[in-house]
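Naming convention: chains lettered A, B, ... in sequence-line order (proteins, then strands); numbering from 1 in each chain.
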Amino acid sequence: MTASVYSIRELLAGKAELQSQVTIQGWIRTRRDSKAGLSFLQVSDGSCFATLQVVADNQLANYADEVLHMTSGCAVECHGTLVESQGRGQSMEIQASSVKPIGWVENPDTYPVQPKRHTFEFLREVAHLRPRTNTFGAITRVRHVAAQAVHRYFHEQGYYWINTPLITASDAEGAGQLFRVSTLDQLNLPRTDSGAIDYSKDFFGQETFLTVSGQLNVEAYCLAMSKVYTFGPTFRAENSNTTRHLAEFWMIEPEIAFADLDDLVTLAEDFLKYIFRAVLQECPDDMAFFAQRIEPQAIQRLETLIEQPFQRVDYTEAVDILQKSGKKFDFKPEWGIDLQTEHERFLTEQHFNAPVVVVNYPDEIKAFYMRLNDQQDGEPGRTVAAMDVLAPGIGEIIGGSQREERLDVLTSRMQAHDIDLEQYSWYLDLRRYGTVPHAGFGLGFERLVSYITGMANIRDAIPYPRVPGNAGF
RNA sequence: UCCCCGGUAGCUCAGUUGGUUAGAGCGGGUGACUGUUAAUCACUAGGUCCGCGGUUCGAGUCCGUGCCGGGGAGCCA
């Protein structure tokens, strides 16, 4: 690389003077040949949404032999004078003094990424090439900016990023399917006297899995560092075939000490708004593209959401709203059963037409570690201090709760959930030694990216989606 | 896991009640064209109609089955 090499983003930002000599390196999107021996190369380098036009004329030594054969996907290094564009459609362009092929496209007739509209289904089959499209370039930049904003937000607010283990011996919630981690010879498994697989012979000397949540581990750090979060890969072996589930996804889990459910909802709202603001500010071109081609409301709904306070509603009240809505649901809304997708959609997309935070769910349908509420008037049963943030079009984007900090209550809840107290003795220790009220939530990063970009399928919100039956690439 | 829908050229799709040699646009190649913007125009190459089995004189088309993809539901983030 020489000193005059610029990214397209830098050039468009005015980092180089007009009339100066510059070099760009990138991949050709399209080539248009014009009258009088002149070719226009639309070059992309991923640095921003825009491409840069390189004008190559037939005075170039390799014009006929090489330039005229450059197709979509060719890697090139273009050197020349940065000039104000003589044509319409772009402010500046490079009048090339050399267009050097770096990597040719072997079979242009079968190169999958063509300058045309592709279905997302097809692009998933060429996941290694889809970042070369407008859409996936934009998703990639937005995902990056959102991830940076996550860390920046927490850092600015005094949170510590805790790297909780990916390999774990415990199922964090006593539910959900886990991926086994094992080095045992599958064709020759060691057995105990009773015939069971002898995991004491396995790598860790016990049964191990990929984590489904860093929550329990991060709670320990919360009860020392006060404000903490995790942001890392998470694995669920559930056979979910939907537009909003992945077997491998990235989850953000803040955990705050000396805090209750209200504090948590406030955090969720402030946090989401910060991320949305950052993306709107830092990715205006990408967001404009999503609004134009993917989801017309993409920008507007983020702006509205940033301005409006989140709607908060008790589960009990939500059920009441659903029952009085007069709408016919496939599943009748009833206190004590979880909200169905159709119920969530009604609340977010019709009744409130905004993200909705539902709080205080029935004890029976939630996890053991959620804090038991005192029973209120009008409630048919006990509730826990849980909260879900429901977003229009996506459904549950955040799920969280205040944690049960009282040792006796937690112990009895664990027993009711048939959880082995021995295995969780360290977790119970946290309630024995300096316990405090604390709360946290989990946010699926890909669901966030889906919501921001308007991409309808979560498999398009992560570079290489892992789903049942498919771990390609 | 359950319920629907789909699989035809590199891509996006059309293909009638089963009937001759399966088509179009884009992309590719060749050529034309006074700086183009998904450039335009002409010519051209390109097919295991997802696999297997069946019905039929005859199957891209009908039936069975398998595989793959999509949408919805459940589980959840």
Could one point to a donor on the side chain of [X] or the base of [N] with an acceptor on the other under 3.5 Å away?
X: A:Arg117; N: B:rC13; answer: no
X: A:Asp33; N: B:rU36; answer: no
X: A:Gln90; N: B:rU36; answer: yes
X: A:His245; N: B:rC76; answer: yes
X: A:Ser240; N: B:rC75; answer: yes

Ring centers of A:Tyr153, A:Phe271 separated by less than 6.0 Å | yes
Could you give the [atom1]-to-[atom2] distance, from [X] to [N], as a whole number of Å?
X: A:Gln86; N: B:rU37; atom1: CD; atom2: P; answer: 15 Å
X: A:Leu178; N: B:rC75; atom1: CG; atom2: C1'; answer: 13 Å
X: A:Glu255; N: B:rA77; atom1: CD; atom2: P; answer: 13 Å
X: A:Phe122; N: B:rC68; atom1: CZ; atom2: P; answer: 19 Å
X: A:Ile28; N: B:rU36; atom1: CD1; atom2: C1'; answer: 15 Å
X: A:Arg124; N: B:rU12; atom1: CZ; atom2: P; answer: 12 Å
X: A:Ile94; N: B:rU36; atom1: CD1; atom2: C1'; answer: 17 Å
X: A:Asp109; N: B:rU30; atom1: CG; atom2: P; answer: 12 Å

Under 4.0 Å, heavy atoms only, any strand: does [X] hit a base, just the sugar-phosphate, or nothing?
X: A:Phe40; answer: base
X: A:Glu121; answer: sugar-phosphate
X: A:Leu448; answer: nothing
X: A:Ile252; answer: nothing
X: A:Gln95; answer: base
X: A:Thr119; answer: sugar-phosphate
X: A:Arg345; answer: nothing
X: A:Gln53; answer: base

Pairing nucleotide - [N], Watson-Crick or G-U, each distance under 3.5 Å:
N: B:rU21; value: none
N: B:rC49; value: none
N: B:rG6; value: B:rC68

Looking only at atom [atom1], what distance separates [N] and [M], rounded to whole Å?
N: B:rC62; M: B:rU1; atom1: C1'; answer: 30 Å
N: B:rU21; M: B:rA38; atom1: C1'; answer: 34 Å
N: B:rU30; M: B:rA22; atom1: C1'; answer: 26 Å
N: B:rU37; M: B:rC4; atom1: C1'; answer: 43 Å
N: B:rU12; M: B:rG58; atom1: C1'; answer: 31 Å
N: B:rG64; M: B:rC5; atom1: P; answer: 12 Å
N: B:rG72; M: B:rU36; atom1: C1'; answer: 46 Å
N: B:rA59; M: B:rG53; atom1: P; answer: 14 Å

Taking B:rC26, B:rU36, B:rA77 as options, the one with an atom nearest any side-chain atom of A:Ser85 is B:rU36
Picking from B:rC76, B:rA73, B:rU30, the nucleotide nearest the side-chain atoms of A:Thr242 would be B:rA73
Would you call [X] and [Y] a salt bridge, using N to O less than 4.0 angstrom?
X: A:Arg9; Y: A:Asp45; value: no
X: A:Arg403; Y: A:Glu255; value: yes
X: A:Glu207; Y: A:Arg180; value: yes
X: A:Asp460; Y: A:Arg130; value: yes

Compare side-chain N and O positions of [X] against OP1 and OP2 of [N] and report whether any pair is under 4.0 Å apart.
X: A:Arg244; N: B:rA73; result: yes
X: A:Asn457; N: B:rG71; result: yes
X: A:Thr243; N: B:rG71; result: no
X: A:Asn241; N: B:rG74; result: no
X: A:Thr30; N: B:rA39; result: yes
X: A:Gln340; N: B:rG74; result: yes
X: A:Arg31; N: B:rA39; result: no
X: A:Arg32; N: B:rA39; result: yes

*asked:* Using 30° and 60° as the class boundaries, would you call the ring planes of A:Tyr361 and A:Tyr315 parallel, tilted or perpendicular?
replied: tilted
Quiz item: What class does the angle between the rings of A:Tyr451 and A:Phe276 fall in, given that below 30° is parallel, 30 to 60° is tilted and above 60° is perpendicular?
Solution: tilted
Donor-acceptor under 3.5 Å (A:Arg447 side chain, A:Glu396 main chain): yes
Correct closest heavy-atom pair for A:Glu66 and A:Trp104 would be O-CH2, 3.4 Å
Nearest heavy-atom contact between A:Asn239 and A:Asn241 is OD1-ND2, 3.4 Å
If we count only N and O atoms by modelled type, under 3.5 Å, do the side chains of A:Gln21 and A:Thr81 hold a donor and an acceptor together? yes
Between A:Tyr464 and A:His128, is there a side-chain donor-acceptor contact under 3.5 Å, judged purely by atom types and distance? no
Under a 4.0 Å heavy-atom criterion, the protein footprint on nucleotides 41-51 of chain B, written with B, S and -, is -----------
- Query: With stacking defined as ring centroids separated by under 5.5 Å and planes differing by under 30°, is A:Phe445 stacked against B:rA77?
  - Reply: no
Residue pair A:Lys116/A:Thr71 against RNA chain B: nearer the 5' end by closest nucleotide is A:Lys116
